[in-house]
Each structure stands twice: as structure tokens, then as C-alpha cells.
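All remarks here apply to the structure that follows.
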Amino acid sequence: MTVVKTRIDRHSPAYTANQADHAALAAILRTRQAWVVAGDREREIKRHLDRGKLMVRDRIDRVVDPGSPFLELSTLATFGQYGDQSPGAGIVTGIGQIHGIPTMFIANDATVKGGTLFPETVAKHVRAQQIAEENRLPCLYLVDSGGAFLPLQDEVFPDKDHFGNSFYNQCRMSAAGLPQISVVLGGCTAGGAYVPALSDEVVIVRGIGRIFLGGPPIVKAALKEIVDPEALGGAELHTYRSGVSDILAETEDQAYVAVRAIFEKMNWPRQSHFDRRPVRAPLYDPAELTGIVPVDYKIGYDVHELIARIVDGSDFQEFKPSYGTTIVTGFAHIHGFPIGIVANNGILFSESALKATHFIEMCNQRGTPLLFLQNTTGYMVGRQAEEAGIAKDGAKMVAAVACSTVPKYTVLIGASFGAGNYGMCGRGFHPRFLFAWPNSKIATMSADTAETVLVDVRKGGLRETSEEELATISREVREQYERQSDPYYATSRLWDDGIIEPHQTRDVLGLCLSLADRVPPEPGNFRVFRM
Ligand code: COA
């Protein structure tokens, strides 16, 4: 056992100040999450409940195993966009257990614009399917959606990653042995009708569930016929006559009992593929993370202290502790699952990049999943670094991450700027999950650097620029970079799978690793090259 020894002074002014800063950020996060659940739509919620329907998260609660966790993803999608008309993008996605089977839930929130599909609704739905496919999870669709949000039809319908993609995924996942189950709890109109129609098994609830390729307004437009929605596509029609649905439930509660019964008989293998150890809590309280990590990424700290509060028993077997020390690499367990950790501890130099590359190769050789704790302003710049070959050394690390076949997880714990984002497994490098802390920042570069670069570019350009214009550029660039590097700007656009509080990191990662544990490992791509 190699226990990390803490050097933290819990009574220092810096520790207390950090805790206060994080508490303020956590308060903002929780307020925003509560707004997504039920904010600013009292009338819609009342109408929904008056119709005898359950709120979307209560539906999920009725299905998951009592007392088991539910990991909700991208709760704050669309936050700050579309005049905040679409809290959470009108859809809840996340992972919960049904009879012990981890399952991807994709559930519309009909209190948000009738559950219609904004661009981020589609992105969230498709991302949930991608996670399900990679982690081999069955999918449960709780359908209550009016289909495309028609004013934005060009952003949700025609392209490769738009809604058609969700049906493509549904077909391929079913073919790959991942059950696709639907409960119809509202209108499934037009394209939306294919969510149940392409499912392996379908439950529909009397009085509220409806499926039609063309709803009453479309039938009226096409055939000039006025038709009652229940007669056109209600539960009786689809269960007794068309056969589009398999089970008619009299109530939502009955539907969830039926869904649980489907999962109970699913014949789902429960094999484990990792060398799992007994779970040990860290020796140091994860709640201390907020005292250790300053919210300002420019202030340094020792990332070993952070690792000690995430891993089992604070037991971290460091690889090359005396070389390339601006990156920390080593082996540990989280909730009993093996993990190889790559954590930033300063600027990325050639040595740090080479050490990380070597370590990533070893993890691939041993089938050990990788965790990237990202707090990087990028690879070192300057003549000396260029001469030493930082470009090719950084590229080795980027290539090792790209070609890794083990499950990868990324948590943005501070800055995520420049190519450091790539080498540390940013979204473009397909981590199985990517979460961000409320103090994180993500952009090509910091606002300070962007301001200097863009002012200098303008000064050196062909066009003459007055001091006043330069001051305006400077101000606008800073405002733009500060606004766009905010974690809420990022999570609103689905650049991550959600914002989590620091103390939740260990449990969230434990849940993610438990999913990977059930998936047979892929063969590695390279031997271990000493760098
Ligand atoms: N595109 C854009 N906005 C839509 C919409 C759509 N497809 N469907 C509903 N909305 C809006 C409504 O205008 C309303 O907005 P408002 O609150 O600003 O007034 C809100 O969503 C809720 O709709 P409402 O009809 O009041 O709620 P409802 O619960 O009674 O009915 C639907 C919900 C979805 C069943 C119903 O609105 C409907 O049938 N919509 C048309 C569905 C359709 O034809 N889709 C085609 C997709 S290709």
C-alpha cells in the first residue's frame, strides 16, 4: 500500500477561502438544477398533473430499484439559450438500475414545450444512446413528446447527427443485443412514432399514450379530416388492433410494474471483467476537496491531495514520481475498480508528455481504465520547448490517448485550454464520460491570452487601427472568452455529460466504472514503448 500523506492545513486562511468560494459555486449549481426540475412553468406543471400524469423524474423513480442511485446526465442542457424556454432541453437522460440491470433512461419532459425536440434535446438523446452502446446498456424510453420543435426544424431534422440518427442507433443497438423498451405516456407524433415502433417491446398507458405518424393537425391538413386523437392512435387501437403496442396499462403505475417485469426476465449477463477489490473509503474526506482546490486555476496546488480524496484507501501507486512532475500518473482503485490516473500538476513539458504516453500504453497493455483529471493551460510554448521537440512529444501523448482501447473518463477540475485538452482526453478523444466541476473553464485559450493575441494580430495587420478601436477589441475579446469559457456555457451545449460537485466525483466515477466492468475488454493497440 502506498498511502498519500496529506500536508493540508485545514485551518489555513487559503483553505477556508477556497471552501467559501466552492460553496458559492455549489449554491449556484443547485439553484440552476432545481430550476430545471420545476422552475418557471407552474401552469404547464399544473396542467400536466391535472391530466393525471407524473412528472418525468417521478416516473424514473417508479421504475428504478428502490434505494439505488440514478446518475442524471447533462441536466443543464440549453441553460442560457432560447430565452430559457427549454429547461434541461425538455428531456431527462441518465443511468439507473432495473432488477440490477444498469439501464439508460431517455425520458421526455412534457412540461417543457410539450416535450418537443430542440437541437440539444436531440443531442442529449443521441449522446445517451452513444453511452448506452459503448457501455452495453439496455435503453428505456419514457415517451411524452410532440416531436420536432418546428421553428427549429432545420436544426433537428435533416443532418447526420439529428433525430434520424436516434432511430438509426435504436435499430443498431437492438441488433447488437441491447434491448430497446418504450413506455408511451403522451403523444408520439410523426418521427416520434418510430421511438415505440422501433422498440423491442412497447407498453402504452390508456388515456394518455398515443402513437400516430400524422397527428390530428396533420390529418386535417392532408385529408381535411377531423379526427379524435384517441381514435387515431390511442392505447386500445394500438394494443388490440394495430399491434404497435404489446401491453396496455390502465395507469402509469401499472406500466412501470410491466416494465420492471420485462427487465426481470431479460436474461442479462452479470459477468465482471476487472480484478475488483473490496471497496475502501479514502482515508481523507472527499468534502475536503473544496478546501484544497482553489477555484482560480491560476493558483497552484498539489494534485496528489486531490487524488488522495478520490481513490480507495487514499492508496496511490505512483509511476515515475521523480520525472516529468508536472503530470502525475499512477495506479489506484475507485469503488474497488482498477484505474490508471493521469492528472495535471502544472504546465505540460516534453518530459511530462512522454511520461504520460508511457503510462497510457501500460494501462492499455493491462486493460486498466484511464482517468484524466484535467487542469491544463496547454503544452509549454517558447523557443527552448520547441527546440526540445514539445510538438512531437505532445503529439505522442495525443496519439496514445486517441489509440487507447481501454475505457477512458475525464473530469475537468480546472482549466481546459489548448492542445492540453486533447492530450488530456477532451471530448474529441471520446472519453466514455466527461464531467466538469463548477470551477472549470474550457476554451482554446484563457481570456488574458486571447486578448493579447487578438490585439497583437490587429496591430500587425494591414488595416490601421486606432488606440480606441484596440481598446474595444480588447474589451470585447475578454468578454467573449470569459462568457464562453464558463462551465454553464459548455454544459448548455453538451460539451460534457454534466457538472458535478467535487465531493461527488468518486461516486460518479465508481458508477461509470461499474458499467465498464460488465463489458468484455477490447484488445490493446500497441506494446509499451519506453519514451
Ligand atoms: N413545435 C413547436 N412548438 C410546439 C410543438 C411543436 N411541434 N408542439 C407543441 N408546441 C408548443 C405549443 O405551442 C405550446 O407553446 P406555448 O406554451 O408557448 O404556448 C407548448 O409547446 C405546449 O403545447 P400545448 O399544445 O399547449 O400542450 P399539450 O400538452 O396540450 O399538447 C402536444 C402537446 C405536443 C401533444 C401538442 O402540442 C401537439 O400535438 N403538437 C403538435 C405535434 C406535431 O404535430 N409535431 C410534428 C412533429 S414533426
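The first residue in the sequence is number 1, and the count goes up from there. Read the numbers this way: they start at 1 and go in the same order the structure lists the ligands and their atoms.
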Please confirm whether G187 comes under 4.0 Å of ligand 1, counting heavy atoms of the residue only.
no
Is there any N or O on G147 that sits under 3.5 Å from an N or O of ligand 1?
no
Does L150, backbone or side chain, put an N or O under 3.5 Å from an N or O of ligand 1?
yes
I'd like to check which ligand 1 atoms, numbered from 1 as shown, lie under 4.0 Å from a non-hydrogen atom of A190.
48 (S)
Protein contact to atom 20 (C) of ligand 1 [nearest heavy atom, distance to 0.1 Å]:
K113 CA, 3.9 Å
For atom 30 (O) of ligand 1, decide whether some protein heavy-atom distance is shorter than 4.0 Å.
yes
Would you check whether R47 has a nitrogen or oxygen atom less than 3.5 angstrom from a nitrogen or oxygen atom of ligand 1?
yes
Determine yes or no for a side-chain-to-main-chain donor-acceptor pair under 3.5 angstrom, with R260 supplying the side chain and V63 the backbone.
yes
Side chains of residues 193-203: which donor-acceptor partners sit under 3.5 Å, not counting sequence neighbours?
unit_1, atom_1, unit_2, atom_2, d
S199, OG, Q170, NE2, 3.3
S199, OG, S182, OG, 2.8
S199, OG, V195, O, 2.8
D200, OD1, S174, OG, 2.8
D200, OD2, Q180, N, 2.7

I'd like to know if D497 pairs up with R427 as an ion pair, taking the criterion as any Lys NZ or Arg NE/NH1/NH2 lying under 4.0 Å from an Asp or Glu carboxylate oxygen.
yes
With a 4.0 Å cut-off on heavy atoms, is P151 in contact with ligand 1?
yes
State plainly whether the residues E120 and R493 are in salt-bridge range, i.e. N to O under 4.0 Å.
no
Please state whether Q153 comes within less than 4.0 angstrom of ligand 1, counting heavy atoms only.
no
Report yes if S145 has an N/O atom closer than 3.5 Å to an N/O atom of ligand 1; otherwise report no.
no
Begin with the C-alpha distance, continue with both residues' side-chain angles, and end with the deciding distance and a verdict on side-chain contact (heavy atoms from CB on, under 4.5 Å) for T449 and F417.
CA-CA 11 Å; T449 313; F417 297 142; over 6 Å; no
Nearest to atom 2 (C) of ligand 1, what protein heavy atom do you find, and at what distance?
F149 CD1, 3.3 Å
Pick, from G146, A193, G214, the option with the minimum heavy-atom distance to atom 45 (N) of ligand 1.
G146
Atom OH of Y168: over 12 foreign heavy atoms under 6.0 Å:
no
Below 4.0 angstrom from a heavy atom of T116, which ligand 1 atoms are there? Numbered from 1 as shown, please.
5 (C), 6 (C), 7 (N), 8 (N)
Heavy atom of protein inside 4.0 Å of atom 25 (O) of ligand 1, strictly below:
no
Taking the non-hydrogen atoms of A148, is any one of them nearer than 4.0 angstrom to ligand 1?
yes
Distance below 4.0 Å between atom 14 (C) of ligand 1 and any protein heavy atom?
no
Does R51 reach ligand 1, in the sense of a heavy atom lying below 4.0 Å from it?
yes
At what distance is the nearest protein heavy atom to atom 44 (O) of ligand 1, and which residue and atom is it?
T189 CG2, 3.8 Å
Sub-4.0 Å protein heavy atom next to atom 34 (C) of ligand 1
yes
F429 ring center near F372 ring center (under 6.0 Å)
no
Determine, counting only non-hydrogen atoms of the protein, whether one lies under 4.0 angstrom from atom 42 (C) of ligand 1.
yes
Flag the pair E236 and R206 as a salt bridge only when some basic side-chain nitrogen lies within less than 4.0 angstrom of an acidic carboxylate oxygen.
yes
In the structure I gave you, are the side-chain heavy atoms of I101 and M266 within less than 4.5 Å of one another anywhere?
yes
Answer yes or no for atom 5 (C) of ligand 1: protein heavy atom present at a distance under 4.0 Å?
yes
How close do H22 and T290 get, heavy atom to heavy atom, and via which atoms?
CD2-O, 3.2 Å
Is it the case that over 12 heavy atoms from other parts of the model lie below 6.0 angstrom from the CZ atom of F157?
no
Using protein heavy atoms only, decide if any is under 4.0 Å from atom 39 (O) of ligand 1.
no
Do you know which of R478, R475, R458 makes salt bridge (Lys or Arg N to Asp or Glu O under 4.0 Å) with E451?
R478
Crowding at CZ, R270 (>12 non-hydrogen neighbours, <6.0 Å):
yes
